[in-house]
Amino acid sequence: MHETPKIFDDFLAHRLVMEEEWASIEYQIAESLKLFDSARAASCPDRATALRWMMREALAAPSLILARSRYAEDSLEYHKNQPFNDNHLRPCPLLDNPGRLTAMVEASGATSTEFVKQEDVHSLSGKCVVRLKNGL
């Protein structure tokens with residue numbers, strides 16, 4: 001909203017939060033510049049300028065926006081592939097439909113969110129296939 005050109009036009013985000021909440025969030029972010037950099041805050045002519053600076057410089061907003069857009073794209077890949085088969089009593093893409101989760105992860109470029117012990121989707125899927133063959 002506060003940058004030109006827009007990195008990602010998240011047209012739904014503004015609809016998810018009530019107008020009063022947006023105003024409060026923007027106010028708090030702009031006011032936090034006083035704590036973050038009082039000299040810069042004094043040089044900002046208005047709240048909109050302070051908000052723009054905080055979003056661009058202090059909060060690294062572009063990376064957060066891009067992360068949110070990536071999450072949405074990955075979620076859409078999951079949604080595009082449903083139902084995973086004709087039997088709606090077998091909805092799990094990992095256990096009930098071997099290979100489906102792997103294909104979605106590869107198509108979306110998703111990666112593990114586990115920081116300590118990351119696991120490749122092929123490894124995870126392989127474990128599930130072995131367990132299914134052995135009757136869980």
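Numbers here are sequence positions counted from 1. All figures in this text were calculated on a predicted structure; none of them were measured in a lab.
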Asker: To the nearest 0.5 Å, what is the distance between CG on Asp46 and CZ on Arg52?
Answerer: 7.0 Å
Asker: Taking only residues two or more places apart in sequence or in another chain, which ones pass side chain to side chain donor-acceptor pair (under 3.5 Å) with Arg47?
Answerer: none
Asker: For the residue pair Ala30 and Ala50, what are the closest heavy atoms and their distance?
Answerer: O-CB, 4.0 Å
Asker: Applying the 4.5 Å side-chain criterion to the ILVMFWY set and letting contacts propagate, would Leu124 and Met104 be lumped into a single cluster?
Answerer: yes
Asker: Shortest non-hydrogen contact from Leu95 to Arg90?
Answerer: O-NH2, 4.5 Å
Asker: Establish, from distance only, whether the side-chain atoms of His88 and Gln82 form a donor-acceptor pair under 3.5 Å.
Answerer: no
Asker: Got a second to check how far Gln28's CD is from Met54's CE, nearest 0.5 Å?
Answerer: 11.5 Å
Asker: Whether the Arg100 and Asn81 side chains hold a donor-acceptor pair (N or O, under 3.5 Å, no angle test) is what I'd like checked.
Answerer: yes
Asker: How many angstroms lie between atom NZ of Lys34 and atom SG of Cys44, to the nearest 0.5 angstrom?
Answerer: 10.5 Å
Asker: What distance do Ser43 atom OG and Asp37 atom CG have between them, rounded to the nearest 0.5 Å?
Answerer: 7.5 Å
Asker: Does Val121 have any side-chain contact (heavy atoms from CB on, under 4.5 Å) partners at least two apart in sequence or in another chain, and if so, which?
Answerer: Leu101, Thr102, Val105, Ser125
Asker: Out of curiosity, Glu31 CD to Leu51 CG, how far, rounded to the nearest 0.5 Å?
Answerer: 11.0 Å
Asker: Examine distances only and state if a side-chain atom of Ser32 and a backbone atom of Ile29 form a donor-acceptor pair shorter than 3.5 Å.
Answerer: yes
Asker: May I ask you to decide if the ring planes of Phe84 and Tyr78 are parallel, tilted or perpendicular, using 30° and 60° as cut-offs?
Answerer: perpendicular
Asker: With hydrophobic residues grouped by side-chain heavy-atom distances under 4.5 Å, do Tyr27 and Trp22 end up in a single group?
Answerer: no
Asker: Donor-acceptor check, side chain of Asn97 to backbone of Cys92, threshold 3.5 angstrom: yes or no?
Answerer: yes
